[in-house]
S.K.: 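A single structure is presented below for examination.
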Amino acid sequence: MSIQVVYKTTARATGGRDGVAETLDGRFKVKLGTPKALGGNDEGNNPEQLFAAGYAACFLGAMKFVAQHEKITLPADTSVEATVGIGPRSEGGFGLEVSLSVSLPGMPAEEARDLLKKTEIVCPYAHATKGNISTTISLAS
């Protein structure tokens, strides 16, 4: 698969889970901290939070793209919640799992499910995780 790259960004992390991550253009900087569940003190943000925020925003952006292409009007209060879990893998090391809950208030369920299927094809985060991370995408109730 070839990609015609139209945007790139670069970020640097120092200090690992208890350090700092920032983009080299200076527009984003975050203090990192390890969650208590992984032996930390919950100070700062962790990579799973950043991944959840990025995935939710990317999926919603892809959904807007698909809706525009399909001439579908999204509800004004459309939202995506991404839950990212981390834990030890049976094979060793650590693994991630992702759950997306999409809220499309007032949209008929069949139309909403069709939109989610099409969005999953368009979203680059969905492409990146497919076959690598257990991911579920559902409509919020």
Side-chain angles (χ1 to χ4, degrees), residues 1-38 40-141:
M1 170 178 66
S2 67
I3 299 171
Q4 180 185 345
V5 175
V6 295
Y7 172 76
K8 286 185 181 184
T9 188
T10 304
R12 174 185 300 123
T14 55
R17 284 185 169 271
D18 293 308
V20 173
E22 60 189 311
T23 57
L24 296 188
D25 64 9
R27 294 176 57 196
F28 175 80
K29 184 173 183 176
V30 63
K31 179 185 179 310
L32 300 172
T34 303
K36 282 185 181 179
L38 295 176
N41 59 13
D42 268 348
E43 292 180 14
N45 295 100
N46 60 67
E48 292 72 36
Q49 291 171 317
L50 301 175
F51 185 54
Y55 204 148
C58 187
F59 197 84
L60 182 52
M63 195 165 35
K64 289 172 125 180
F65 176 86
V66 171
Q68 181 180 18
H69 185 266
E70 299 280 323
K71 305 212 181 329
I72 296 170
T73 301
L74 290 178
D77 49 354
T78 295
S79 65
V80 177
E81 290 184 8
T83 302
V84 174
I86 183 171
R89 297 179 333 134
S90 58
E91 301 86 0
F94 290 85
L96 298 174
E97 67 177 24
V98 175
S99 175
L100 299 179
S101 178
V102 181
S103 177
L104 293 159
M107 183 177 280
E110 188 173 320
E111 182 181 3
R113 280 191 290 275
D114 185 55
L115 178 61
L116 294 185
K117 286 180 187 174
K118 290 176 180 175
T119 300
E120 194 172 3
I121 294 168
V122 171
C123 177
Y125 274 54
H127 283 279
T129 60
K130 189 172 187 134
N132 298 311
I133 296 174
S134 173
T135 303
T136 59
I137 302 172
S138 61
L139 285 173
S141 39

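Excluded from the calculations below are hydrogen atoms, water molecules and symmetry mates; all remaining heavy atoms, backbone and side chain alike, are included. Positions are given from 1 along the sequence.
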S.K.: Measuring from Thr9:OG1 to Leu24:CG, what's the distance to the nearest 0.5 Å?
M.R.: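 Here the interatomic distance stands at 7.5 Å.
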S.K.: Answer yes or no: are there more than 12 heavy-atom neighbours, outside Lys31 itself, under 6.0 Å from its atom NZ?
M.R.: yes
S.K.: Can you give me the closest heavy-atom contact between Ile72 and Glu111, atom names plus distance?
M.R.: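 Here Ile72 and Glu111 meet closest at CG2-OE2, 3.6 Å.
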S.K.: Could you state the interatomic distance from CD1 (Ile121) to CG (Leu116), rounded to the nearest 0.5 Å?
M.R.: 11.5 Å
S.K.: How far apart are the closest heavy atoms of Leu32 and Val20, and which atoms are they?
M.R.: CD1-C, 3.9 Å
S.K.: Looking at Glu81, I want to see if its CD is surrounded by more than 12 non-hydrogen atoms of other residues, nucleotides or ligands under 6.0 Å.
M.R.: no
S.K.: Heavy atoms only: give me the nearest Lys36-Asp42 pair and the separation to one decimal.
M.R.: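 In terms of heavy atoms, the two residues are closest at N-OD1, 3.0 Å.
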S.K.: Return the minimal non-hydrogen interatomic distance between Leu115 and Ala67, and the atom names on each side.
M.R.: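 Taking Leu115 first and Ala67 second, the nearest heavy atoms are CD1-N, 4.2 Å.
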S.K.: Atom CD of Glu70 and atom CG of Asp114: how far apart are they, to the nearest 0.5 Å?
M.R.: 7.0 Å
S.K.: Would the number of heavy atoms belonging to other residues, nucleotides or ligands and lying under 6.0 Å from CZ of Arg89 be above 12?
M.R.: yes
S.K.: Would you give the length of the straight line joining atom CD of Glu43 to atom CG of Asp18, rounded to the nearest 0.5 angstrom?
M.R.: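 That separation rounds to 9.0 Å.
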S.K.: Would you name the heavy atoms of Met63 and Val102 that are closest together and state the gap between them?
M.R.: CE-CG1, 3.6 Å
S.K.: Does Gln49 reach the main-chain N or O of Asn46 with its side chain, forming a donor-acceptor pair under 3.5 Å?
M.R.: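 Answer holds: yes.
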S.K.: How long is the straight-line distance from CD1 of Ile137 back to CD of Glu120, given to the nearest 0.5 Å?
M.R.: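 Atom-to-atom, Glu120:CD and Ile137:CD1 are 3.5 Å apart.
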S.K.: Within the side chain of Thr23, is there an N or O that forms a donor-acceptor pair under 3.5 Å with the backbone of Phe28?
M.R.: yes
S.K.: Go through the steps to decide whether Arg17 and Leu38 satisfy the test side-chain contact (heavy atoms from CB on, under 4.5 Å), and finish with yes or no.
M.R.: CA-CA 10 Å; Arg17 284 185 169 271; Leu38 295 176; 4.0 Å; yes
S.K.: What's the shortest heavy-atom distance between Cys58 and Tyr125, and which atoms?
M.R.: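 Of all heavy-atom pairs spanning Cys58 and Tyr125, the closest is SG-CD1, 3.4 Å.
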S.K.: I would like to know whether Leu74 and Met107 meet side-chain contact (heavy atoms from CB on, under 4.5 Å); could you show each step before the answer?
M.R.: CA-CA 8 Å; Leu74 290 178; Met107 183 177 280; 4.2 Å; yes
S.K.: Test Leu96 against Glu48 for side-chain contact (heavy atoms from CB on, under 4.5 Å), laying out the working first.
M.R.: CA-CA 9 Å; Leu96 298 174; Glu48 292 72 36; 4.2 Å; yes
S.K.: More than 12 heavy atoms of other residues, nucleotides or ligands under 6.0 Å from CD of Glu91: yes or no?
M.R.: yes
S.K.: Going from CG on Asp77 to CG on Leu104, what distance comes out if it is rounded to the nearest 0.5 angstrom?
M.R.: 9.0 Å
S.K.: Run the side chain to side chain donor-acceptor pair (under 3.5 Å) check on Tyr55 and Thr129 step by step: do they pass?
M.R.: CA-CA 10 Å; Tyr55 204 148; Thr129 60; 3.3 Å; yes
